[in-house]
Structure formats: structure tokens, C-alpha cells
Amino acid sequence: MERQQRGVDAARGPWDFDGLSQLWINEGGADERAAYDGDSAQRIAADCDLFIGELHIVTAEQFSVVPVPDDPSVRGKLLKRISTLKRKPEVSESQFRDKWEAHRELVGKMPHVCGYRQNVVVSREWVKGTPCSYEQMPIDGLVEIWFETNESLVDAFASPEGQRTQEHGRTFLAEATAFRVEEHRAI
């Protein structure tokens, strides 16, 4: 994973990941029970033990702002970046959510954005299965954003719309820690 901020002038936080995994679960459905209970959960945990040193988990509510192309031949050519976000100390969780909701519209107006999702953190586990406090894992949100190239990413943030977006971000964000990732779908 590339760890350059590219275009974003926010402070980089301390996070350093070797990989990020995303699991989508329909709340209250059979897949939620399978992910947390029974044989499937035990098999997943046993598999994780084979190759993961430290595993930290956040559960998030996702908002699709700019839909990501479904076509794998298109999506596979896009550059994907995930960023962790931490709010300023004087900004409450509720204020963060309000400001980030307003931020959606600004990002949606930036040129070259091929996809954009906001993931608002609703719970945290420093150790799998054990909830932890915000102070132990101060991540308020995760951003997923897609561009065609590194150049289009930099151009997007340098544009007037990108500058307005960053100016707004400085009103509520203490850190934005970006990682360029390669997406590999397992299921």
C-alpha cells in the first residue's frame, strides 16, 4: 500500500497498515449471524490466525456518495484510496457526523472523482471480539475514493472545488491518513 497523502494537505495520523479488509454484512440477516456465530465465524478466525499479526476492527455505516462502477473491467483500472479520519478534539461525534454529511456534497462536485464512499465508524475492537474506547482507537471515519490516475487525483484536490473541500475539512478534521490500495475481491 502506498502511504503518500497526494493532494491532501491534512496532517497524517500514526496509522500504518499492511492491509485493509472489508466485509459487508446485512444487519440482522443470516449473513450477520454467520459472520459472528457458528462454524463460519470459527473458520474465518482460524484462517486469520494463519497470516494476520494484529487485527483491529471498526464497524461502520456506509454512505455511497458517488457510485463506484460495478463493471470489474472498469473498476479494476481505477486507483483506489482509503483514508482514516480523526476529528479535531473540540469537535463532538455528533458535530463530526453533521460536518462530514455536508462534506459529501463538496466531494461530489470535485472533478475526476469516479467513486466516493463515506464510512462512519459506529464501534471499535482493538482485539477481535472486545469493544474498545474511542481513545484507544481514535478513528471517526474511513473514506474510499476512486480516480483514474494519480494525476487526476492531484488535479481534483488542486481544483477550486477540491480547495473548497479541503478548506471545509480543516474545520473538523485533525488527521486524514491516506493509503493507496489495490482492490482484490474474494467473494
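One is the number of the first residue; the rest follow in order along the sequence.
Crowding of Glu105 atom CD: a count of heavy atoms from other residues, nucleotides or ligands under 6.0 Å not exceeding 12. Environment of CD in Gln136: crowded, with over 12 heavy atoms of neighbouring residues, nucleotides or ligands closer than 6.0 Å.
Between the NE2 atom of His103 and the CG atom of Leu173 there is a distance of 6.5 Å, given to the nearest 0.5 Å. In this structure, CZ on Arg104 lies 10.0 Å from OG on Ser64, to the nearest 0.5 angstrom. To the nearest 0.5 Å, atoms OG1 (Thr149) and NZ (Lys77) are separated by 14.0 Å. Atoms CD1 and CD1, from Ile145 and Ile82 in turn, are 12.0 Å apart once rounded to the nearest 0.5 Å. In this structure, Leu85 CG and Trp100 CH2 are separated by 5.0 Å, a value rounded to the nearest 0.5 Å. With values rounded to the nearest 0.5 angstrom, Ser83 atom OG is found 13.5 Å from Arg180 atom CZ.
Side-chain N or O atoms of Lys88 include none that pairs as donor or acceptor with a backbone N or O of Glu175 at under 3.5 Å. Of the possible donor and acceptor atoms, none in the side chain of Glu125 sits under 3.5 Å from a partner among the backbone N and O of His56.
In plain terms, the two heavy atoms of Ser159 and Ala156 that are nearest each other are OG-O, 2.7 Å. Minimum heavy-atom separation, Phe157 to Gln163: O-NE2, 2.8 Å. For Ile139 against Tyr134, the heavy-atom pair with the smallest separation is N-CE1, 4.0 Å. When all heavy atoms are compared, the tightest approach of Pro69 to Cys114 is CD-O, 3.5 Å. The shortest non-hydrogen separation linking Phe96 to Val91 is N-CG1, 3.5 Å. In this structure, Val113 and Val66 approach most closely via the heavy-atom pair O-CG1, 4.0 Å.
Hydrophobic clustering of Ile, Leu, Val, Met, Phe, Trp and Tyr side chains at less than 4.5 Å, counting indirect connections, keeps Tyr116 apart from Trp146. Met110 is not connected to Val68 by any chain of hydrophobic side-chain contacts under 4.5 Å among Ile, Leu, Val, Met, Phe, Trp and Tyr, and they are in different clusters. When the side chains of ILVMFWY residues are joined at heavy-atom separations under 4.5 Å, either directly or via intervening members, Val127 and Met137 end up in a single hydrophobic cluster. Both Val143 and Val107 sit in one connected hydrophobic cluster of ILVMFWY residues. Membership requires side-chain heavy atoms under 4.5 Å apart, directly or through other members. Hydrophobic clustering (ILVMFWY, side-chain heavy atoms < 4.5 Å, transitive): Val154 and Leu106 are in distinct clusters.
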**Asked** Going through the checks in order, is the side-chain contact (heavy atoms from CB on, under 4.5 Å) test met by Phe147 and Leu78?
**Response** CA-CA 6 Å; Phe147 295 94; Leu78 297 177; over 6 Å; no

**Request:** Could you give me the CA-CA distance, side-chain angles and deciding distance for Val120 and Phe63, then say whether side-chain contact (heavy atoms from CB on, under 4.5 Å) is met?
**Result:** CA-CA 8 Å; Val120 178; Phe63 299 93; 3.9 Å; yes

**Prompt:** Where do Glu144 and Gln62 land on the side-chain hydrogen bond (donor to acceptor under 3.5 Å, both in side chains) test, with the steps shown first?
**Reply:** CA-CA 10 Å; Glu144 299 172 80; Gln62 187 171 84; 3.2 Å; yes

**Asked** Can you list the steps and then say if Val65 with Arg117 is a side-chain contact (heavy atoms from CB on, under 4.5 Å)?
**Response** CA-CA 6 Å; Val65 180; Arg117 292 183 189 145; over 6 Å; no

**Request:** Report the C-alpha separation of Glu61 and Asn119 in whole Å, then their side-chain angles, then the decisive distance to 0.1 Å, and conclude whether the side-chain hydrogen bond (donor to acceptor under 3.5 Å, both in side chains) test is met.
**Result:** CA-CA 5 Å; Glu61 182 179 352; Asn119 302 280; over 6 Å; no

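Shown here are the side-chain contact (heavy atoms from CB on, under 4.5 Å) partners of Arg164, two or more places apart in sequence or in another chain: Pro160, Glu161.
Checked for salt-bridge contact, Asp140 and Arg87 meet the test: a charged N lies under 4.0 Å from a carboxylate O.
Screening Val121, Val58, Thr177 for a side chain to side chain contact (heavy atoms under 4.5 Å, CB included) with Thr84, the sole residue that qualifies is Thr177.
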